[in-house]
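To start, the structure itself, in structure tokens.
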Amino acid sequence: MIALVISLRGLDFIDVADLEPGDLRRLLDRAHEIKAGRWAEKALKGKHVAMLFQRPSHRTRVSFEVGIARLGGTTTTLTGQDVQLGFRESVGDAARVLDRYVDAVVARLRSHADLLQLARSSVKPVINALTDHSHPCQVLADLMTLEELRGDLAQQHVVYIGDGNNIANSLIQASVLTGLALTVITPPGYDPDASVVERARRINSGKNHVTLTSQINVQHATAIYTDVWASMGQEDERAVRQKVFSAYQVNQRLMDSARDAVFMHCLPAHRGEEVTDEVMDGPRSVVFQQAENRLYAQMALLAGLLGG
Ligand code: CP
Ligand code: NVA
């Protein structure tokens, strides 16, 4: 069996872009092996992981807790009230304390700058469990799902439609790494992060893997992906965004214009806004397969980072 060695910069997993193509390949192979029951090492035996959540979470929290337990490790989960990062103590001080107790920190922080500060102040590996900028663990599971469904990522075309948010940013980074064709359709003014796009254009020069547009055309999609129009922290903008994004809903009419495409969503979904019940519950929806794969992709990541 090939050893899974992930050469992450400084051993943190902040973004998909932290991975080399070979690291990602090994990680996805390991994730498939775990799911198939062909790899069951207790790679985290004796290891303790702190989980820090400044925002709500269902999938991320449960899949990490279950995954760490299956790998033989233990967890302490802290929510916003417990640590009160930046209020009760600085991000740097909190990191230096956690460092003395645990072997890794999984953190869902409001601000990406705070996550970078946490990682800089911490000797132990820090894993990004979502920030306003990116959601790399979600996209690892999405890549695994796409491989299960259709094999070679370089032969597939994901059309992401909606807000140019953390999911869109991580998908762009994944496209650069894998050759997955990606079209990001957003209303004008709701583009993905400019630095993520600029980096993709620079690395991909001439290959045209990533297309940004406000024109809704999903004809050549092998997967249509959407996410909420107002992310966590943007609740006040929800009414405005419902108007701006209304033409960008994934409904049966849109799915009918891409006959070959599966439907993807990171969840939680706001049914009736970015996606209709008919599509969410329809035969082409793979949203629960994506959610399930969070477990295996993160187990592979943890085993790579902490498994000795
Ligand atoms: N997709 C995802 O990260 O879900 P949670 O916010 O429930 O963790
Ligand atoms: N864009 C969403 C993703 C939730 C998993 C948010 O940040 O709220």
Side-chain angles (χ1 to χ4, degrees), residues 13-16 31 49 51-68 75 77-80 105-115 127-146 158 160-174 182 184-187 190-193 196 223-238 240-242 244-245 248-250 263-271 273-275 280 285-299 301-302:
F13 182 58
I14 303 298
D15 270 311
V16 175
V49 180
M51 314 248 295
L52 217 54
F53 283 90
Q54 274 187 332
R55 290 205 188 283
S57 172
H58 170 196
R59 281 145 288 271
T60 306
R61 176 174 173 173
V62 179
S63 57
F64 264 111
E65 287 181 351
V66 171
I68 291 164
T75 52
T77 300
L78 301 155
T79 59
V105 180
V106 172
R108 169 169 288 192
L109 303 189
R110 280 188 287 269
S111 131
H112 197 71
D114 279 354
L115 183 75
I127 295 174
N128 179 0
L130 178 147
T131 64
D132 53 346
H133 175 75
S134 53
H135 197 2
C137 292
Q138 175 67 49
V139 167
L140 290 182
D142 297 339
L143 295 176
M144 181 183 174
T145 307
L146 289 167
V158 173
Y160 174 92
I161 177 164
D163 186 25
N165 61 14
N166 40 15
I167 295 289
N169 290 336
S170 291
L171 283 173
I172 292 171
Q173 293 184 349
L182 177 70
V184 178
I185 305 175
T186 63
Y190 291 85
D191 302 333
D193 184 271
V196 171
I224 295 177
Y225 196 135
T226 192
D227 184 17
V228 291
W229 292 337
S231 283
M232 291 181 274
Q234 297 173 329
E235 289 80 4
D236 292 352
E237 298 174 36
R238 193 161 169 183
V240 174
R241 283 170 172 264
Q242 278 180 13
V244 174
F245 284 89
Y248 294 77
Q249 184 186 63
V250 180
F263 170 69
M264 302 180 80
H265 194 309
C266 57
L267 306 182
H270 292 159
R271 287 167 178 256
E273 292 186 26
E274 77 275 5
V275 59
M280 269 287 282
S285 173
V286 297
V287 300
F288 299 109
Q289 187 175 339
Q290 288 173 262
E292 180 187 351
N293 286 339
R294 295 292 302 276
L295 176 62
Y296 307 111
Q298 288 158 193
M299 286 174 74
L301 175 70
L302 287 158

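First listed ligand is number 1; within each ligand, the first listed atom is number 1.
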Exercise for the section: With heavy atoms under 4.0 Å as the rule, classify the contact between L130 and ligand 2 as side chain, backbone, both or neither. Expected result: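 Just the side chain.
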Numbered atoms of ligand 1 (with element) below 4.0 Å of [X], judged on heavy atoms:
{"X": "S57", "result": "5 (P), 7 (O), 8 (O)"}
{"X": "R294", "result": "1 (N), 2 (C), 3 (O)"}
{"X": "R108", "result": "3 (O), 5 (P), 6 (O), 8 (O)"}

Compare all side-chain heavy atoms of [X] with those of [Y] and state whether any distance is below 4.5 angstrom.
{"X": "F245", "Y": "T226", "answer": "no"}
{"X": "F64", "Y": "S57", "answer": "no"}
{"X": "V228", "Y": "E274", "answer": "yes"}

Problem - Distance-only N or O hit between ligand 1 and C266, under 3.5 Å - result: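 Among all N and O atoms of C266, at least one is under 3.5 Å from an N or O of ligand 1.
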Problem - Polar contact flag for T60 and ligand 1 (N/O pairs, less than 3.5 Å) - result: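 Yes, there is a polar N/O contact under 3.5 Å.
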Problem - Part of L130 within contact of ligand 1 (heavy atoms, under 4.0 Å) - result: neither
Practice task
Out of Q138, H135, R59, indicate the one that has the non-hydrogen atom closest to atom 3 (O) of ligand 1.
Solution key: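 Of the listed residues, H135 has the closest heavy atom.
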Practice task
May I ask which of N169, D132, I167, D227 has a heavy atom nearer to atom 1 (N) of ligand 2 than the others do?
Solution key: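 Answer by nearest heavy atom: D227.
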Practice task
Compute whether any side-chain donor of one residue and acceptor of the other, for D132 and N166, lie under 3.5 angstrom apart.
Solution key: no
Problem - Between Q298 and S63, a side-chain donor and acceptor under 3.5 Å - result: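 Yes, S63 and Q298 have a side-chain donor paired with an acceptor closer than 3.5 Å.
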Exercise for the section: Return yes or no for this condition: an N or O of M232 is under 3.5 Å from an N or O of ligand 2. Expected result: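 So ligand 2 has an N or O lying under 3.5 Å from an N or O of M232.
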Practice task
Before signing off on this row, confirm whether S231 and ligand 2 have an N or O atom pair separated by under 3.5 Å.
Solution key: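 There is such a contact, yes.
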Practice task
State which residue, out of L78, L109, T79, fulfils the side chain to side chain contact (heavy atoms under 4.5 Å, CB included) condition with Q54.
Solution key: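 It is L109, the one option of L78, L109, T79 that forms the side chain to side chain contact (heavy atoms under 4.5 Å, CB included) with Q54.
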Problem - Member of Q138, H58, R294, R59 meeting the side chain to side chain contact (heavy atoms under 4.5 Å, CB included) criterion with L267 - result: R59
Exercise for the section: Enumerate the atoms of ligand 2 whose separation from the nearest heavy atom of N166 is less than 4.0 angstrom. Expected result: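 Answer, ordered by atom number: 1 (N), 2 (C), 6 (C), 7 (O).
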Exercise for the section: Kindly state whether the ring of Y225 and the ring of F263 have centres lying under 6.0 angstrom apart. Expected result: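 Between F263 and Y225, which both carry aromatic rings, the centre distance is not below 6.0 Å.
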Exercise for the section: Could you establish whether L267 and ligand 2 come within less than 4.0 Å of each other, counting only heavy atoms on the residue side? Expected result: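 Right, L267 reaches ligand 2.
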Exercise for the section: Measure the distance from atom 7 (O) of ligand 1 to every protein heavy atom, then report the residue, atom name and distance (to 0.1 Å) of the closest one. Expected result: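 Residue, atom and distance for the closest contact: H58 N, 2.7 Å.
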Problem - Carboxylate-amine/guanidinium proximity below 4.0 Å for E273 and R241 - result: no
